Amino acid sequence: MYNAKEVEEKWLKCWKEDMYSFDWNSKKPHYIIDTPPPYPTGSFHLGHALNWCIIDFIARYKRMNGYEVMFPQGWDCHGLPTEVKVEEKYRIKKNDVPRDEFRKLCVDFTMQNIKLMRETAKRLGFSIDWSKEYITMKPEYFSKTQLSFIRMYKKGLIYKGYHPVVLCPRCETTIALAEIEYRKTKTFLNYIKFSDDVVIATTRPELIPACVAIAVHPKDERYKHLVGKKVKVPTTNYEVQIIADEDVDPSFGTGIVMICTFGDRQDVKWWKRHKLELRNILDRNGKLNEFAGKYAGLTTKEARKRILEDLALEGRLIKQEEIEQNVGICWRCKTPVEIIPAEQWFVKVEKEKILEAARRIKWVPQHMFSRLESWVEAMEWDWVISRQRVFATPIPVWYCKKCGEILVAKEEWLPVDPTLTSPSENCPRCGSNEFRGETDVLDTWMDSSITPLVITGWPNVKEYPTHLRPQGHDIIRTWAFYTILRSLALQNEIPWYEIVINGMVFGEDGRKMSKSLGNVIAPEEIVEKYGADALRMWAASGVIGDDIIFSWKEVVAASRFQQKFWSITNFTAMNTKDYRMSEEDRRHLRDADRWILSKLNKLVAEVRDHMENYRFNEALKAIRTFTWYEYADNYLEIVKNRIYSGSEEERRAAKYTICYVLSVLTRLIAPFAPFMAEECWNQIFDGSVHLQKYPEVDKELLSEEFEKKGEEVKEIVASIRKYKHDRNLALNAPLKRIIIFTKFDSLDTKDISGATNSKVELVKEEPNVEISVKSLKPKFAIIGPMFKDKAKKILGKISQLEKEDLKKLYSERELDIEVENEKIRIRSDWFEFELERKIEGKKVVLIETKNSLIFIEE
RNA sequence: GGGCUCGUGGUCUAGUGGUUAUGACGUCGCCCUUACACGGCGGAGGUCCCCGGUUCGAAUCCGGGCGAGCCCA
């Protein structure tokens, strides 16, 4: 029995840590993989596992093909989730302790999580080069993030600006567009009378004091006359212009909309397009400010209630209807977000440049490019990179307390935390030496979007672009997008030649894996039950880019295949103890050997083609089908007997073949099932299978002719097996004699004989078979309608026919008979014949295959 | 509301213009044949989501519809 757990744990101990280390000085062609740094939550989940399996398949395949492969492991540490966890753990708020102390708690917490996740990654057998591990919260890394900030600032690609940003009032920080989620909620659409002519419909009445214009559709006949007029805004004492805009939906509400600064992103568009004034009534804590007049100090929720009450009193609230609405919420805390203008740091987004670069990258699957494309094209404003948090890379900037001058850190001062240290220079404008350090920190994507640069040694890159970016499709609009942007900005080059996108993992119920749905499966659970190799083979079963449903069935099937593979290895080892592979033995190969070796080499070509195109499912399927159904079920069954009782040469040929096949199969499957492949390899061969060359096609062994012959042998054996099966005979039951007449010049009767446990003769000429008709069964469905009432008499006549006549009917396909003085021509296809065949007076049974006639004497 | 992906026996799935539609799991029957019963041999099981079009020919291409998932507004 193959014990996956035992085998895997054994090899984890045996394998050396530096087995997969990358050497810049290696003369081999380099293959650098820009692997994703996961967020260290403490658990390496199945989604990670899928992603890493795919990376590992590629890495191992490339390595076996002679590449010097870099498979680094990063950890993308910074971010709000950890801050929240740490606050929970220590029951503090981040502002209760000094910034650097809070940061330290986050660092410690994160290091523990990384430790846990490393364990899982190692257990799954990924060929990671641990010497290339990077951790974004460490000074070695974040100083590079800071350096990238400085360089982009100098190039004018980073600026400080006053701009609408998305704010989460609960987190009290701005968030990126990418961090907004949308949720359907029920809310009231309020019809509010501004004047007798102007009734607007809004879901955000609390923003009325922020109204800066009223808009209608230019073609809306109802309101054409209003355009250009002014109307007073309720609850305030000012008037706003009524304008026309194509984007107004005449069918929504009354067809009149108020534009506020800001209710949603559409408002921002209108505000920019019509150059409207700014009335900012919201503060970053989510409360209304003095511009909201008497509603100052209220939360939006309180304000909504108060304003509606006031409007109702004035008779301005005409009606309310419940509608469903998509509300933007903070991805982290699910609080509805607000849009406010604020001073923030921005990175310029040069759409065209990015798209042009993205087009030069090979996207796998190709259609994933359109996700990036539509995202970029729909972008409305630049990338906000400042965050009001603690656990993140500090922005290396100070402000002069006297003149407000921005002082950006010098490159040699890095790493730096401007909240802890002051610049070692005076203000270049006013000479003051009093500074205020920037307390805003950088968006986490600023850390992770330079991974291809960091792993290649930036700012002194050794080699660029990298070769491959593997990642999930959920972060195309973030990680992939930002990385391309940054690579262009800092290196003026695409980050990778190729990007391979994997799908998401769903639970067995077809829904996203989540704790609340209770459909989460941890990789550890699968490893515990079936081992890492089985999990890896499940991961290989999906189509690249497609979402994949976790399936125990698939894991179990993989696990059974391992047992099969192990049995084959066991058989091979048992029978080759006394044998050492020698090319000499190729000369003695028999038909079956040449057949399987040719098919094996075809398999090698096929698998290589699949691997080159990331069709891991196809590659593994081809390996499994060949191994199980061609090799084990057919070849081994055929050759077994020769190994047990053949001549010396016959046995050597068989042994050569089974060693050769095993050597190829273990190497083919090594990227998918590294533990099993290693275990099986080591039963017969020396060294590690992972340091071997990936099998290449041996053209000398390809032979269409032998494949056809081998197929025929296989078919003959299979049909004899079926014959035995139909007669309830044991498959190894001996038959007296088997005579084969075949189109081939020769066939290897030795193996047929062995496989069927019977004497086999090959005849050059079609044997002289005496055929007699034992009985015939009329097909009433034909004869009945044809002869109606005469049918009975005709059949009566037929039943009295002589053997000779029956034979004539069979061989000449028709026969004339006389019924009641009438001549009737009957045809053989109106009957089913039961024949009896005799060769040399002995009864035989005939089986036909495509190319042969098989006569069996029982 | 838009974009992308998908819809094939009970379940999952292969198949992107050409014999009888692939395989896995499950199911049924037979067989413990000295590598494997986590095995072998054999069988049953399908309106290829619906409608229309292109074509000599469509699971496959086109249009529409219905349904699912993902991403976005």
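Owing to the predicted nature of the structure, the values given are computational and were not obtained by experimental measurement. Chain letters run A, B, ... following the sequence lines, proteins first and then strands; every chain starts at 1.
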Length of the [atom1]-[atom2] vector between [X] and [N], whole Å:
| X | N | atom1 | atom2 | answer |
| --- | --- | --- | --- | --- |
| A:Phe565 | B:A35 | CZ | C1' | 13 Å |
| A:Glu373 | B:U5 | CD | P | 13 Å |
| A:Phe506 | B:U5 | CZ | C1' | 11 Å |
| A:Asp546 | B:C12 | CG | P | 15 Å |
| A:Asn757 | B:U34 | CG | C1' | 13 Å |
| A:Met379 | B:A73 | CE | P | 10 Å |
| A:His473 | B:G3 | NE2 | P | 19 Å |
| A:Asn634 | B:G42 | CG | C1' | 15 Å |

Distance between the [atom1] atoms of [N] and [M], in whole angstroms?
| N | M | atom1 | answer |
| --- | --- | --- | --- |
| B:A73 | B:C66 | C1' | 24 Å |
| B:A24 | B:U33 | P | 24 Å |
| B:C25 | B:U19 | P | 27 Å |
| B:G67 | B:C50 | P | 15 Å |
| B:G9 | B:G26 | C1' | 12 Å |
| B:G45 | B:U22 | P | 13 Å |

With a 3.5 Å cut-off and no angle check, do the side chains of [X] and [Y] form a donor-acceptor pair?
| X | Y | value |
| --- | --- | --- |
| A:Ser647 | A:Arg651 | no |
| A:Ser567 | A:Gln563 | yes |
| A:Asp76 | A:Trp445 | no |

Given [N], is OP1 or OP2 found less than 4.0 Å from the side-chain N or O atoms of [X]?
| X | N | value |
| --- | --- | --- |
| A:Tyr644 | B:A35 | yes |
| A:Arg560 | B:C25 | yes |
| A:Lys553 | B:U13 | no |

Please find the pair of heavy atoms, one from [X] and one from [Y], that lie closest to each other, and give the distance.
| X | Y | answer |
| --- | --- | --- |
| A:Ile476 | A:Ala480 | O-CB, 3.3 Å |
| A:Glu711 | A:Trp595 | OE2-NE1, 3.1 Å |
| A:Met258 | A:Leu207 | CE-C, 4.2 Å |

Just call it for [X]: base, sugar-phosphate, or nothing, with non-hydrogen atoms closer than 4.0 Å on any strand.
| X | value |
| --- | --- |
| A:Trp552 | nothing |
| A:Asn617 | nothing |
| A:Phe561 | nothing |
| A:Ala632 | base |
| A:Met504 | nothing |
| A:Val555 | nothing |
| A:Tyr629 | sugar-phosphate |

Side chain of [X] (C-beta onward), nearest among [options]:
| X | options | result |
| --- | --- | --- |
| A:Ile568 | B:A35, B:C4, B:A37 | B:A35 |
| A:Asp633 | B:A35, B:C71, B:C41 | B:C41 |
| A:Lys621 | B:C71, B:A14, B:A35 | B:A14 |
| A:Ser559 | B:C36, B:C38, B:C70 | B:C38 |
| A:Trp375 | B:A24, B:C38, B:A73 | B:A73 |
| A:His367 | B:C38, B:C70, B:C4 | B:C4 |
| A:Glu618 | B:C70, B:G15, B:G40 | B:G15 |
| A:Ala557 | B:A24, B:C70, B:C41 | B:A24 |

Side chain A:Glu637 and base B:A35 donor-acceptor under 3.5 Å: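 Answer yes: a donor N or O sits under 3.5 Å from an acceptor.
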Closest-nucleotide 5' rank along RNA chain B - winner of A:Leu636 and A:Asp474: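 Whichever sits nearer the 5' end wins; that is A:Leu636.
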Pairwise 5' ranking along RNA chain B for A:Phe571 and A:Thr625, keeping only the more 5' one: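 The answer here is A:Thr625.
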Searching all strands shown, indicate the nucleotide that pairs with [N] (Watson-Crick or G-U wobble; both distances under 3.5 Å).
| N | answer |
| --- | --- |
| B:C61 | B:G53 |
| B:G42 | B:C28 |
| B:C4 | B:G69 |
| B:U20 | none |

A:Lys602 bridged to A:Glu704 by N-O distance under 4.0 Å: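 So A:Lys602 pairs with A:Glu704 through a salt bridge.
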Salt-bridge criterion met for A:Lys5 and A:Glu8 (N-O under 4.0 Å):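 Between A:Glu8 and A:Lys5 there is no salt bridge, as every charged N stays at least 4.0 Å from the carboxylate O atoms.
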